[in-house]
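A quick write-up on the structure given underneath.
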Amino acid sequence: MASHVPPYVADPAPWHGALRPARSWLRSDAPARSLNGQWRFRLSPTARVPEDFAAEGFDDSGWDLIPVPSHWVLQGDGAYGRPIYTNVRYPFPIDPPHVPDENPTGDYRRHFDVPVDWSGAERVVLRFDGVESLFRVWVNDDEIGGAAGSRLAHEFDVTSSVRPGDNVVAVRVHQWSAAGYVEDQDQWWLPGVFRDVTLIARPAGGIEDVWLRTGFDNGRGRVETEVVADAAAFPVTLRLPELGVERVWATPDDVAPFDVDGVEPWSAERPRLYDVTVSSVAESVALRAGFRTVEIRGDRFLVNGRRVVFHGMNRHETHPERGRVFDERHAREDLARMKRFNVNAIRTSHYPPHPRLLDLADELGFWVVLECDLETHGFAQLDWAGNPSDDPAWRDAYLDRIRRTVERDKNHPSVVIWSLGNEAGTGANLAAMSAWVRARDPGRPVHYEGDHAGDYTDVYSRMYASVPETEQIGTDGSRSPLPGCTPAQAARQRAKPFLLCEYAHAMGNGPGALDQYEALVHRHPRLHGGFVWEWRDHGILTTTPDGTPYFAYGGDFGEVVHDGNFVMDGMLLSDDVPTPGLHEYKAVVQPIRFAFEDGDVAIANLRHLADTSDLRFRWRVEHDGTVVDSGDLEVPVVTAGGSARVPLPPITIAADAETWLTVDAVLAAPTAWAPEGHVVATAQLDRSARRPVPAVRHRTGWRPGDGTTTLGIAEFAEGSLVRLAGRAVTGPRLELFRAPTDNDEGASEDVEGSDASVAGVSNAGLWRRDGLDRLTTRLLSVEQAPDALRTVSKVSAANSALSVIVESVWSLEGGSLEGGSLQGGPLQGGELELRVEIEPSRGWRTVWPRIGIRFELPDGTAPVDGAEWFGLGPFESYPDSLRAARTGRFSSAIRDLSAEYARPQETGHRSQLRELTLTSAGTAVLRVVAIPDTRGRRPGFTLSRHTPQQIAQARHPYELPDSATSHLIVDAAQHGLGSRACGPDVWPEFSLRPEARTIRLRIAAG
């Protein structure tokens, strides 16, 4: 039987009916009414539904109510279907432009009132700011038209269909349509009317559109105004009160550019805005203008004549309860948080955001790469066969999308680059989009990463290029090949500014080696920074059958095809909690840099335009983490790009404690995004006096024993520790496994520069192959001396001949420890020492996740629920993610030591441990001093309620078992993080190869 699907559902045409041309999103005093609120709603499983619902007299009393804006799959607790997450794959057969008969279709109805005084309006316009994915509109039983382009604005002329008083609007929305083939972004598929619906009265003699093109040159501003209005609207007046400007244009031909003196420029650091009105007799439009000139000069991207470095984030619109429904309060805080973490740029991946977001970007200050609503990534699975980007049948849809993108947002000073879209291959339709943008707005360059050969874009852009490759792109004279380029094309691309439009994939714990990318930006001016993928996790708040809340990802809603937790790849968790990776990012890209030398500190200002007059510089001196002195540095104002050298304060160096100087650059006054005293940048200087590490005491008199003995606070049975300081404790157990991070599970083919990795096989897969998650122990020997116990064990895994020999020596040492102290004073005679020697066999072929020892601390009457430590903190740290950590004294509850990633994984490691106190309800239970090894390397620690093996088995936090034990792991070393979930693996200098290591601890009762 032939399909009864309406043919328009599979029509690539972007619209039909009374759709009006795209224009700016303007603040106007013309009458308008929001149609947001409760609408009547009915969901049908297919598009084969009668259209009688549009009739005025249709009885919808039996329908449900649904809020507009919203996504219907996030309403009704599953009554209207469930969200679907895919990254590349299409959730329907790839049969362009067709979609299945099983096509959820939502019908919406509501009554609205048209005031009597609107009868004089020249036109009445019905505006939809976002509907996914294809919709049709009726008013009072008249079909008005339809449109596609989910994240684009559409205005319909409904003048002939409305009347004073009561009216009825009906909207039909199809989840699947031809438009879905060009909206295959890495995100949830969330159908519905999810942005505002507004009814607007357009007055006769009104102003249809305005574009203020502004420029800046040495204190002089340039204004080029485009006014779209009938001749009857003139005279039109432009007012810029702060600059004393009033221009009256009597006719359209009189509209002309003009210059104005005394202008302060707009930049992401100092977002100076000026209120502007453009008025006719019938209407006044308000705008906020920022003066800046964008240009490409050679291989430099410049704003107001200065090179821009993008410290950016790819930002989707996502919220765990609302999906892509915009909330201005939350969005403002979202952007303010970005500013607090030194983010200065946003790529609107991969569609235009709600228009108010760009108002906030203008106000708070961000460089914005504004991206069109376009992606066809699923065709990559077909080697791009049938890709709409090169199909003439889709040309109008592509051009309509870019027109609506540019026209809506052209007035925003924050928008400095237009982007054609994302991961849509290449083809004539993309080239046509670029040509249209260049003709319409020559004042902003065009970006599109998929134009590898640089045929139609103005900047060279790549995703996830490795550090060595990025360096080769930035190096003058380099002839290294570039993907998709002939030598001549590569030379052309290297002559352009370079952007990493996506890098440092922030999935789970990571990314590592951010500082390596940042260093390249300052060595090679062609490199202009980039945009981390991505800003926040896309978790959807849901509950288990027993009511336990959690953040769902792909597969949690029973999707037929999905891409798992790949949607949880943000620097911010779904509940707005910053990840340790975001703290690392802030430290790496901080715009003020410090260098200590010869009693001075050099302060470099790496900002684009702003000097340091908004900052003050605080210092403090700490002895073993306790502040002993502090004050402010007298620093002259440092211009952007400049530096100053100032003397350090006198520093008292302790003989028996570590001495650290910390310098912070802090806000001198509150801003719109942070309070006074907010730390913008920080640095530390180690001024500690050198102190010897106590030598290992050579012992004689070892004899075989049964291993049942007591050494100070430690009790042993058959060679195994059973109690410490009167409480049950077992260990040390060799631990080589960590719950794999998303990067550990990454199985990319690109392992350039990584160490002992296998293309197409994850490191975690290699660890499981070698049995690191299931080690077993065979005790080889137990020996005793009068004040010591020594055990030797062989640790290996089932079905493996590889092994590790572990020698553990417990001893009582008579001298006080030099080189470390505990709160309350140094350990005295009779100190309990543990020394563990770890020696791998030959034949290990891969990296190890860690080299550590694990202690089990059952709860008993006083559960270990917190830690105080002297070492790196307060955030977790790993070999390639240490920049946010500082040396000091910190404390934390055990639950706060770990980041609650959407998929449980390795988290919580604190590096370079000196001292550790385990606590129960605030009371010290056990105290540990970590002694450096013979090369001066210090261990780290992890304290958790679960073992690495338990964590690795859970897909969500709620799946972790109830625990009656705390687990302390002391690591001689940890493997780095990398970003192999979608990017480079861990670099060799941060890789952990199997090797002999020593862990040496002194332990005392609390």
Side-chain angles (χ1 to χ4, degrees), residues 267-269 292 294-315 338-339 341-349 361 365-371 414-417 419 444-445 447-449 457-475 493-494 496-506 511-535 571 581-582 584-593 604-610 640-641 680-681 883 979 983-984:
S267 76
E269 294 158 351
R292 89 286 181 275
V294 178
E295 61 179 323
I296 290 177
R297 195 180 302 162
D299 61 0
R300 307 290 194 273
F301 176 84
L302 310 175
V303 176
N304 295 334
R306 292 185 63 88
R307 171 176 172 259
V308 171
V309 174
F310 295 95
H311 292 132
M313 294 284 163
N314 282 278
R315 183 187 183 276
M338 283 187 175
K339 297 285 286 189
F341 281 91
N342 291 333
V343 175
N344 71 1
I346 298 169
R347 177 177 177 230
T348 67
S349 53
F366 291 92
W367 312 114
V368 174
V369 176
L370 188 66
E371 200 140 84
S414 57
V415 177
V416 294
I417 296 177
S419 180
R444 295 179 177 104
H447 166 274
Y448 174 65
E449 185 271 344
T457 47
D458 301 313
V459 297
Y460 182 32
S461 177
R462 289 283 304 284
M463 295 181 181
Y464 307 108
S466 68
V467 170
E469 185 182 7
T470 303
E471 184 169 28
Q472 286 299 309
I473 292 169
T475 302
Q493 290 293 66
R494 282 197 171 90
K496 298 176 180 177
F498 177 73
L499 275 181
L500 282 163
C501 67
E502 294 180 20
Y503 83 111
H505 192 263
L514 286 167
D515 52 346
Q516 293 182 308
Y517 285 101
E518 180 67 12
L520 293 180
V521 168
H522 300 290
R523 288 204 301 268
H524 304 289
R526 178 181 305 131
L527 308 180
H528 288 72
F531 298 82
V532 169
W533 188 266
E534 62 175 307
W535 172 237
M571 286 284 198
L582 183 55
E584 179 75 1
Y585 181 86
K586 175 187 176 181
V588 166
V589 305
Q590 61 186 28
I592 306 298
R593 304 293 169 91
N605 179 6
L606 304 184
R607 291 163 154 183
H608 173 258
L609 183 68
V680 173
R883 295 284 289 274
S979 60

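With sequence neighbours excluded, the residues forming a side chain to side chain contact (heavy atoms under 4.5 Å, CB included) with A587 are R883, A884, listed by chain and number. A search for salt bridge (Lys or Arg N to Asp or Glu O under 4.0 Å) contacts involving E502 returns R347, not counting sequence neighbours. Among residues two or more places apart in sequence or in another chain, the side chain to side chain contact (heavy atoms under 4.5 Å, CB included) test is passed with R306 by H608, L609, A640. Every salt bridge (Lys or Arg N to Asp or Glu O under 4.0 Å) that E471 has, sequence neighbours left out, goes to R523. Listed by chain and number, the residues in a ring-ring contact (aromatic ring centres under 6.0 Å, His included) with F531 are F310 (sequence neighbours excluded). Remark: F366 engages no residue in a ring-ring contact (aromatic ring centres under 6.0 Å, His included) (not counting sequence neighbours). With sequence neighbours excluded, the residues forming a side chain to side chain donor-acceptor pair (under 3.5 Å) with E469 are R462, listed by chain and number. Judged as a side chain to side chain donor-acceptor pair (under 3.5 Å), and not counting sequence neighbours, the contacts of W533 are D569. Residues satisfying the side chain to side chain donor-acceptor pair (under 3.5 Å) test with S414, not counting sequence neighbours, are D362. Every residue meeting the side chain to side chain contact (heavy atoms under 4.5 Å, CB included) condition with D299, not counting sequence neighbours, appears here in chain and number order: R526. Applying the ring-ring contact (aromatic ring centres under 6.0 Å, His included) criterion to Y448, with sequence neighbours excluded, gives no partner residue.
Atom NE2 of H311 sits about 10.5 Å away from atom CG of L514, to the nearest 0.5 Å. Going from atom CD1 of I417 over to atom NE2 of H528 covers 9.0 Å, rounded to the nearest 0.5 Å. Put simply, CD on Q472 and CG on L520 are 10.5 Å apart, with the number rounded to the nearest 0.5 Å. Taking CE of M463 as the start and CG of L499 as the end, the distance is 12.0 Å to the nearest 0.5 Å. Annotation: the span from L500 atom CG to Y460 atom OH amounts to 10.0 Å, rounded to 0.5 Å. With rounding to the nearest 0.5 Å, the separation of CZ in R292 from OG in S267 is 11.5 Å.
Across all their heavy atoms, A504 and V532 have their closest contact at O-CG1, 3.5 Å. Nearest heavy atoms, V680 versus N342: O-ND2, 3.1 Å. Residues Y585 and F341 share a closest heavy-atom pair of CD2-O, 4.0 Å. Between N314 and C501, the closest heavy-atom pair is ND2-O, 3.0 Å. Across all their heavy atoms, V294 and V416 have their closest contact at CG1-O, 3.6 Å. The minimum heavy-atom distance linking L527 with G474 is given by the pair CD2-CA, 3.7 Å.
Among Q493, E449, H447, the one residue that satisfies the side-chain hydrogen bond (donor to acceptor under 3.5 Å, both in side chains) test with S461 is H447.
A donor-acceptor contact shorter than 3.5 Å links the side chain of E269 to the backbone of A610. Panel note: side chain R444, backbone V415; a donor-acceptor pair is recorded below 3.5 Å. In terms of modelled atom types and a separation under 3.5 Å, the side chain of K496 and the main chain of I296 share no donor-acceptor contact. Between the side chain of N344 and the backbone N or O of W367 there is no donor-acceptor pair closer than 3.5 Å.
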Intermediate values then yes/no, side chain to side chain contact (heavy atoms under 4.5 Å, CB included), L582 and M313: CA-CA 11 Å; L582 183 55; M313 294 284 163; 4.2 Å; yes
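Residues Y517 and V589 fail the side-chain proximity criterion, which asks for heavy atoms closer than 4.5 Å. Annotation: side chain of I346 is not in contact with side chain of V369 (no heavy-atom distance under 4.5 Å). Using a 4.5 Å cut-off on side-chain heavy atoms (C-beta onward), P511 and M571 make contact. L302 has its side chain within reach of R307: a pair of non-hydrogen atoms, C-beta onward, lies under 4.5 Å apart. Contact of the P984 side chain with the V467 side chain is not registered, since no non-hydrogen atoms from C-beta on lie closer than 4.5 Å. Residues F498 and T470 meet the side-chain proximity criterion, which asks for heavy atoms closer than 4.5 Å.
Note on residues 584-593: pairs passing salt bridge (charged side-chain N to carboxylate O under 4.0 Å, His left out), not counting sequence neighbours, are E518-R593.
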